[in-house]
Amino acid sequence: MRLLAISLWLIALASQPVTLMACDYKTLNIFFNGKSSTIKVEVADTLFERKRGLMFRDRLKPNSGMLFVYEAPRKIAFWMKNTSISLDIAFADKSGKVIRVVQATEPFSTELIHGGNRIQYVLEVNAGASRKLNLFKHAELIHQAINPPPINSC
C-alpha cells in the first residue's frame, strides 16, 4: 500500500511541470523532427502591440522572442522600419505550423517581408537563433495563445 501511495505521489509530481509549462503565457515550445526547444516570449496580441513590435529596441535577450497573435488567419507582411535588431521571422498558420521562415532581416528596411496568405501567428527571434532553436518550415509552435489548455487545467 505504501509503495502505491509513493508511486501515485511521484506520478503527480512528475506531471506538475508539464501542466505549469502548458499554462505559462511567457513560454513557447518549438517542435521539429522529434526535437524541442523552449524560449521566453512577449506576446503582442493587440493592434497597438502588433504595430509596435520590436521597434525602438536596441536588443532582444538571447533565448527569447516576440509572438504576434492575430484573431484569425490573414495575409501578413512585416517590415523592419525603426527596428535596429536583425531578426529571424517565422510565419505560422492557425494550428501553429510554421509555413515560412525568413532569416537575418535587414534592420531599418522598409521592404515588405511577406509571410503568406493564411498566417495567424508570427514569431520573431534574434537573427541566427532559428537554427539553434530548430525553428524551420513545418516546425510546430506550442503556446497557450495557439493551443489553449482545457478550461480549469491551469
Side-chain angles (χ1 to χ4, degrees), residues 15-154:
S15 67
Q16 187 65 20
V18 173
T19 301
L20 290 175
M21 189 164 57
C23 298
D24 182 358
Y25 206 63
K26 294 184 179 195
T27 300
L28 180 135
N29 295 297
I30 302 163
F31 292 98
F32 183 71
N33 277 348
K35 296 180 183 177
S36 68
S37 54
T38 302
I39 63 170
K40 293 291 183 187
V41 291
E42 295 175 58
V43 177
D45 58 3
T46 67
L47 179 61
F48 176 77
E49 291 168 335
R50 290 189 301 258
K51 279 187 164 198
R52 184 168 178 93
L54 291 171
M55 291 192 309
F56 309 110
R57 296 194 191 184
D58 57 359
R59 68 186 208 91
L60 179 62
K61 290 182 182 179
N63 205 35
S64 67
M66 180 170 278
L67 178 65
F68 295 77
V69 177
Y70 295 86
E71 295 78 17
R74 61 187 66 193
K75 185 176 184 176
I76 293 199
F78 274 40
W79 65 358
M80 298 295 293
K81 184 177 181 180
N82 299 319
T83 306
S84 64
I85 309 163
S86 182
L87 301 169
D88 290 349
I89 305 175
F91 298 89
D93 66 12
K94 67 180 179 179
S95 69
K97 181 179 176 184
V98 175
I99 304 301
R100 179 168 192 240
V101 178
V102 176
Q103 297 179 335
T105 59
E106 182 183 341
F108 301 110
S109 173
T110 56
E111 186 175 324
L112 290 179
I113 302 164
H114 296 278
N117 291 324
R118 294 183 303 262
I119 303 301
Q120 191 166 351
Y121 306 99
V122 180
L123 176 62
E124 292 182 335
V125 296
N126 283 309
S130 60
R131 288 190 179 128
K132 296 173 191 170
L133 295 169
N134 217 21
L135 178 60
F136 298 106
K137 185 176 181 178
H138 303 298
E140 184 180 355
L141 305 180
I142 305 294
H143 184 270
Q144 186 174 344
I146 301 170
N147 327 89
I151 296 173
N152 298 326
S153 67
C154 297

**Complete:** Applying side-chain contact (heavy atoms from CB on, under 4.5 Å) to Ser86 and not counting sequence neighbours gives Ala104, Thr105, Pro107, Ala127

**Item:** Selection residues 56-65 - residue pairs positive for side chain to side chain donor-acceptor pair (under 3.5 Å), sequence neighbours left out
**Value:** Glu42-Arg57

**Complete:** The complete set of side chain to side chain donor-acceptor pair (under 3.5 Å) pairs with one or both residues in residues 109-134, sequence neighbours excluded, reads Asp88-Ser130, Gln103-Ser130, Gln103-Arg131

Review item, side-chain donor-acceptor pairs of residues 72-81, under 3.5 Å, at least two apart:
| residue | atom | partner | partner atom | Å |
| --- | --- | --- | --- | --- |
| Arg74 | NE | Ala72 | O | 3.3 |
| Arg74 | NH2 | Glu71 | OE1 | 3.4 |

Measuring from [X]:[atom1] to [Y]:[atom2], what's the distance to the nearest 0.5 Å?
{"X": "Ile89", "Y": "Phe68", "atom1": "CD1", "atom2": "CZ", "value": "8.0 Å"}
{"X": "Ile30", "Y": "Thr38", "atom1": "CD1", "atom2": "OG1", "value": "8.0 Å"}
{"X": "Glu140", "Y": "Asn147", "atom1": "CD", "atom2": "CG", "value": "6.5 Å"}
{"X": "Leu67", "Y": "Lys26", "atom1": "CG", "atom2": "NZ", "value": "13.5 Å"}

**Item:** ring-ring contact (aromatic ring centres under 6.0 Å, His included) partners of residues 27-54, not counting sequence neighbours, each pair once
**Value:** Phe32-Phe136

Kindly indicate whether the side chain of [X], heavy atoms from C-beta on, has any atom under 4.5 Å from the side chain of [Y].
{"X": "Val69", "Y": "His143", "value": "no"}
{"X": "Leu135", "Y": "Leu141", "value": "yes"}
{"X": "Ser36", "Y": "Asn29", "value": "no"}

Closest contact, heavy atoms only, [X] versus [Y]:
{"X": "Ile39", "Y": "Gly65", "value": "CD1-N, 4.3 Å"}
{"X": "Lys51", "Y": "Met55", "value": "O-CE, 3.5 Å"}
{"X": "Val98", "Y": "Ala90", "value": "CG1-CB, 4.2 Å"}

**Asked** For Glu49, which residues count as a side chain to side chain donor-acceptor pair (under 3.5 Å) partner, sequence neighbours excluded?
**Response** Thr46

**Asked** Who pairs with Phe108 by ring pair (Phe, Tyr, Trp, His ring centres under 6.0 Å), at least two apart in sequence or on another chain?
**Response** none

**Request:** Write out all pairs satisfying salt bridge (charged side-chain N to carboxylate O under 4.0 Å, His left out) with one or both partners inside residues 92-105, taking only residues at least two apart or from two chains.
**Result:** none

